Amino acid sequence: MEKSWAKVFSDEIFPAIDEERFRVLYSQNASRPNTPVNIIVGALIIKELFALSDDEIVENLMLDIHYQYALHTTSYEEQPLSDKSLSRFRKRCYEYEKTTGVDLFHECVCDLNRKIAKLMGINSHVKRMDSLMIEANIRKLSRIELLYSCVARLAKRIEKKEGIGKLTGLEHYCQPGDRNFIVYHCRNTDMNERIETILKDADQLLLRSAAQYQETEEYRLLVRCLDEQTIAGSGGRRLRKKGEESPSTTSLQNPTDPDATYCVKAGKDHIGYAANVVESVDSSGSVITDYQYEKNIFSDPRFLRDHLTRTEEQKETVRIVADGGYVGQECRELAAEKNIELINTALKGVAVPDIYGGFLLSDNGKSVQQCPAGYAPIRCSYTERTSRIRAYFKSEHCMGCDHREECQAKQRRATCQMSLSRSAVERARQQQQMHAPDFQNWHRIRNGIESVPSILRNRYQVDKMPVRGFIPSKFFFGAKISAMNFNKLLRHRRGLLSCAQNPLLS
């Protein structure tokens, strides 16, 4: 037992779980005591660590002394977890987030991750981040499948509550083999005719159920599907045409997961969600200290901006290393306010002349104070629409300057005009930084996080989570992050965690 994973979990993870934040989920009145939250959270982490189901973790807690030792329940006459303990706790967290917008489990996981980093002796002066696409546990539906599914779900809801007699003419939607017959096997009927029939049935079903079922999820999803996929005209409904009328990326993909969105990345179609992980790294190893889980239409700069917004001002300079997707002048300004330096190991878009990095701009970025040769402009003008600065220099300064060809200043009657933007100046400085001899070390630090998405997919099965919906899948993702960090702590305690030495981390 002393040499097992349970010893490390019992001594270092279990005591670090803060139960106090979950107090709001339970009644303040005298009532039957609840299962201790630290046992539930600990069980959720162990469950992901060994890829177990709810029933399996409950069974193992009863039969395996390792689980009891890890969760401090060896003295219990009866183990406190039942088949409903985990599902009820998750449901309480889901409902609380829907009501208040506060993700208690995310706060718990991030707090625990910071404590793990402290236990491993990892400081947070160097961080790296990367994003990954997470597939929703749903099928990709064609348009006829999507329309049929939404109509059938509402029809079955009505049949379950009021009986089949309420669906005169639409009874076939409740029959087990009807879907396959309409969608796949009805080859003697044209596809457009089948879709037209489904649309007419949908309008008829909405009229019949508007009074009693307007607040149900099935009714709302059918209305949403029709609004996104069709256009109502004088001649009836028709499908939107590809092009200007095409449904957006946020349109309903599958009624079993209404939150999933559509995205194309690196030439591949993705339906589901996206996550951004922030990993603190030093010579002792690395730990994921923060993460964000959103719909997959979230961009990398937006992930970065949200992380910077949540971060407090740092006493010592913190460096965040990321790829070329995490860019934006707004992010750089926000990072500077928090004493954070952003380092991009690659840049997207068209390169600018390196000489631009030598221009000194004002604090607001709307005027040039000095050129690389040390001359101040006569005057400057700023265009809000294009965010560009026009600086006018004396002709004698520019004509005899060694940098004239690089600056590409335009000769006027009595002056030379230079046009540039703050983003171009920042990009030039990044280009100069990337040309430095030791910049390859930042590349090595950044490359280390590329293994995180692979581990989450292959070992922790983030693309096959047994839940659907944004909030439930985010909850499971957080538990997987904690399990991954505990595994790093376990390897660190056993002396098995190796980290390539980098002079920037010394």
Side-chain angles (χ1 to χ4, degrees), residues 1-27 31-98 103-109 111-113 116 137 293 456 458-469 471-487 489-490:
M1 185 68 72
E2 291 290 328
K3 298 179 181 179
S4 72
W5 64 268
K7 172 67 174 176
V8 178
F9 196 97
S10 175
D11 291 352
E12 300 185 0
I13 299 299
F14 188 84
I17 298 173
D18 183 11
E19 297 180 282
E20 192 64 27
R21 60 170 46 88
F22 296 100
R23 179 184 293 274
V24 293
L25 300 180
Y26 298 92
S27 173
S31 58
R32 180 182 177 184
N34 61 282
T35 302
V37 172
N38 51 6
I39 293 179
I40 295 177
V41 174
L44 289 169
I45 298 173
I46 296 174
K47 171 180 171 295
E48 298 299 337
L49 184 66
F50 297 107
L52 304 174
S53 65
D54 286 2
D55 290 341
E56 288 171 334
I57 186 67
V58 171
E59 180 181 324
N60 287 354
L61 183 61
M62 293 179 182
L63 303 177
D64 193 334
I65 191 67
H66 290 87
Y67 290 79
Q68 297 175 19
Y69 188 84
L71 297 177
H72 293 204
T73 63
T74 53
S75 61
Y76 283 56
E77 293 184 5
E78 182 179 346
Q79 293 304 309
L81 282 186
S82 69
D83 57 344
K84 296 293 184 182
S85 300
L86 301 180
S87 59
R88 286 172 178 165
F89 176 77
R90 285 193 291 258
K91 186 177 180 181
R92 287 174 186 264
C93 292
Y94 300 163
E95 295 299 329
Y96 185 80
E97 183 174 357
K98 288 179 182 177
D103 187 351
L104 297 175
F105 193 68
H106 177 270
E107 296 175 357
C108 176
V109 169
D111 178 58
L112 190 59
N113 292 343
I116 291 176
N137 189 15
Y293 190 92
L456 287 172
N458 298 323
R459 177 166 183 173
Y460 296 98
Q461 302 293 308
V462 292
D463 290 328
K464 299 178 181 178
M465 289 188 279
V467 290
R468 291 167 179 164
I471 294 178
S473 59
K474 178 172 64 170
F475 188 100
F476 273 73
F477 182 79
K480 293 177 186 295
I481 292 292
S482 287
M484 184 176 177
N485 280 340
F486 169 69
N487 196 35
L489 175 63
L490 181 62

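On a predicted model such as this, the values are computed, not experimentally measured, just so you know.
- Among Phe14, Tyr69, Phe486, the single residue meeting the ring pair (Phe, Tyr, Trp, His ring centres under 6.0 Å) criterion with Phe9 is Phe486.
- Contact record, Leu112 with Ile13: CD1-O, 4.1 Å, taken as the closest heavy-atom pair.
- Nearest heavy-atom pair across Ala43 and Ile57 is O-CG1, 4.0 Å.
- For the atom pair Asn60 CG and Leu63 CG, the distance stands at 7.0 Å (nearest 0.5 Å).
- Using a 4.5 Å cut-off on side-chain heavy atoms (C-beta onward), Pro36 and Glu19 make contact.
- For the atom pair CD1 of Ile471 and NZ of Lys91, the computed distance is 13.5 Å after rounding to the nearest 0.5 Å.
- The CE atom of Met465 lies 8.5 Å from the CZ atom of Phe476; values are rounded to the nearest 0.5 Å.
- Side-chain contact check for Glu59 versus Glu56: every heavy-atom pair is 4.5 Å or farther apart.
- Contact check for Met62 versus Gln68: no side-chain heavy atoms found under the 4.5 Å cut-off.
- Side-chain contact between Leu456 and Gln461 is absent, with no heavy-atom pair separated by less than 4.5 Å.
- What you find for Asp54 and Lys47 is that their closest heavy atoms are OD1-CE, 2.8 Å.
- Taking each heavy atom of Leu44 and Phe105 in turn, the nearest pair found is CD1-CE1, 4.2 Å.
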**OP:** Would you please test Leu71 and Ile46 for side-chain contact (heavy atoms from CB on, under 4.5 Å) and show each step?
**Re:** CA-CA 10 Å; Leu71 297 177; Ile46 296 174; 3.9 Å; yes
**OP:** Give the intermediate values and the outcome of side-chain contact (heavy atoms from CB on, under 4.5 Å) for residues Met484 and Arg459.
**Re:** CA-CA 9 Å; Met484 184 176 177; Arg459 177 166 183 173; over 6 Å; no
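- Of the inter-residue distances, the one linking Arg23 atom CZ with Asp18 atom CG reads 10.5 Å to the nearest 0.5 angstrom.
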Subject >> Derivation and outcome, side-chain contact (heavy atoms from CB on, under 4.5 Å), residues Leu489 and Trp5 >> reply: CA-CA 10 Å; Leu489 175 63; Trp5 64 268; over 6 Å; no
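- Judged as a ring pair (Phe, Tyr, Trp, His ring centres under 6.0 Å), and not counting sequence neighbours, Tyr460 has no contacts.
- Side chain of Ser85 to main chain of Ser82: a donor-acceptor pair is present (N/O by atom type, distance under 3.5 Å, no hydrogens or angles).
- Panel note: side chain Glu48, backbone Ala479; no donor-acceptor pair is recorded below 3.5 Å.
- Remark: the backbone N or O of Ala483 is not paired with any side-chain donor or acceptor of Asn487 at under 3.5 angstrom.
- Remark: side-chain polar atoms of His66 are not paired, donor with acceptor, to backbone N or O of Ser4 under 3.5 angstrom.
- For the pair Tyr26/Val37, a side-chain contact is recorded, criterion being any heavy-atom separation below 4.5 Å from C-beta on.
- Side-chain contact between Asn485 and Val109: absent, with no pair of heavy atoms (C-beta onward) separated by less than 4.5 Å.
- Remark: side-chain polar atoms of Asn137 are not paired, donor with acceptor, to backbone N or O of Val467 under 3.5 angstrom.
- The ring pair (Phe, Tyr, Trp, His ring centres under 6.0 Å) search around His106 returns Tyr291, not counting sequence neighbours.
- Listed by chain and residue number, Phe22 satisfy the ring pair (Phe, Tyr, Trp, His ring centres under 6.0 Å) test with Phe89 (two or more places apart in sequence, or in another chain).
- Taking the six-membered ring where the residue is Trp, Tyr293 and Phe477 present tilted rings, their angle falling between 30° and 60°.
- The shortest heavy-atom contact between Cys108 and Arg21 is CA-NH1, 3.6 Å.
- No donor-acceptor pair closer than 3.5 Å links the side chain of Ser10 to the backbone N or O of Lys7.
- With a 4.5 Å cut-off on side-chain heavy atoms, Val58 and Asp83 do not count as touching.
- In terms of modelled atom types and a separation under 3.5 Å, the side chain of Thr35 and the main chain of Pro80 share a donor-acceptor contact.
- Taken to the nearest 0.5 Å, the OG1 atom of Thr74 stands 9.5 Å off from the OH atom of Tyr76.
- With Glu97 contributing its side chain and Asp103 its backbone, the two residues share no donor-acceptor pair below 3.5 Å.
- For the pair Ser473 and Gly469, the tightest heavy-atom approach, listed with the atom from each and the gap, is OG-O, 2.7 Å.
- Side-chain contact between Ile39 and Gln79 is absent, with no heavy atoms from C-beta onward closer than 4.5 Å.
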